[in-house]
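Values reported hereafter were calculated over all heavy atoms of this structure, with side chains retained and with hydrogens, waters and symmetry mates removed. Every chain is numbered from 1, with letters handed out A, B, ... down the list of sequences. Just so it is clear, the structure is predicted and the values come from calculations on it, not from any experiment.
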Amino acid sequence: MDTHATFPQRVYLIVASIPEGHVTTYGDVALLAGSPRAARQVGGVLKRLPEGSRLPWHRVVNRHGAISLTGPDLQRQREALLSEGIMVSGDGHIDMERYRWHYDRP
DNA sequence: CACGTGACCGATT
DNA sequence: AAATCGGCCACGT
């Protein structure tokens, strides 16, 4: 990971590399971005994505395997996950054993 | 510079 | 098992 890149830039690269049909957690993204305790900031970055971004932000969930968004936003993320074959319960829970992405490579 | 704010997390009740 | 408590740190004001 390029340590000269800004935090949001690093987050973008990591999230962009999550394969379709898989998910990861805010904490893991923070870890890979080189700030192991900046999970909240990952959420902050995803919230402020530029309009029209193609980044698969919906593939990031919390440590419980649950969608952290609420209301209509929760439903939007749920639809996005369902549409790529990920099973999501009505209240936004995902089977992490099955869908969790394990990063491999420098 | 000094707060206040979270799409969070781990440890501790 | 679930709620609470600190800690965290990038960002805005």
Which atoms of nucleotides 11-13 of chain C (N or O only) lie under 3.5 Å from a protein N or O atom, and what are those distances?
none

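Backbone-only contact: A:Ser35 has heavy atoms under 4.0 Å from sugar-phosphate atoms and none from a base.
A heavy-atom distance below 4.0 Å to DNA chain C is reached by none of the residues of residues 81-89 of chain A.
In this structure, A:Ile67 and A:Arg78 have side chains that are in contact, with non-hydrogen atoms separated by less than 4.5 Å. Here the side chains of A:Ile18 and A:Tyr103 are not in contact, with every heavy-atom distance at 4.5 Å or above. At a threshold of 4.5 Å between non-hydrogen side-chain atoms, the residues A:Arg100 and A:Ile94 do not count as touching. Residues A:Tyr26 and A:Leu46 have side chains in contact (heavy-atom distance under 4.5 Å, counting atoms from C-beta outward). Looking only at side-chain heavy atoms (C-beta outward), A:Arg59 and A:Tyr99 stay at 4.5 Å or farther from each other. The shortest side-chain heavy-atom distance between A:Leu49 and A:Trp57 falls under the 4.5 Å cut-off.
One interatomic measurement links the two molecules: CD1 of A:Ile18 to P of B:dA7, which rounds to 19 Å at whole-angstrom precision. One interatomic measurement links the two molecules: CD1 of A:Ile67 to C1' of B:dA7, which rounds to 11 Å at whole-angstrom precision.
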### Task
Sugar-phosphate atoms are those with a prime plus P, OP1 and OP2; base atoms are the rest. Using that split, label each nucleotide of nucleotides 8-13 of chain B B, S or - for protein heavy atoms under 4.0 Å, 5' to 3'.
BBB---

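The backbone N or O of A:Ala5 sits less than 3.5 Å from a side-chain atom of A:Arg10, completing a donor-acceptor pair. A donor-acceptor pair under 3.5 Å links the side-chain atoms of A:Gln77 to the main chain of A:Val60, judged by distance alone.
A chain of hydrophobic side-chain contacts below 4.5 Å, direct or via other Ile, Leu, Val, Met, Phe, Trp or Tyr residues, connects A:Met96 to A:Ile86.
In this structure, A:Ser17 and A:Trp101 approach most closely via the heavy-atom pair OG-CH2, 3.4 Å.
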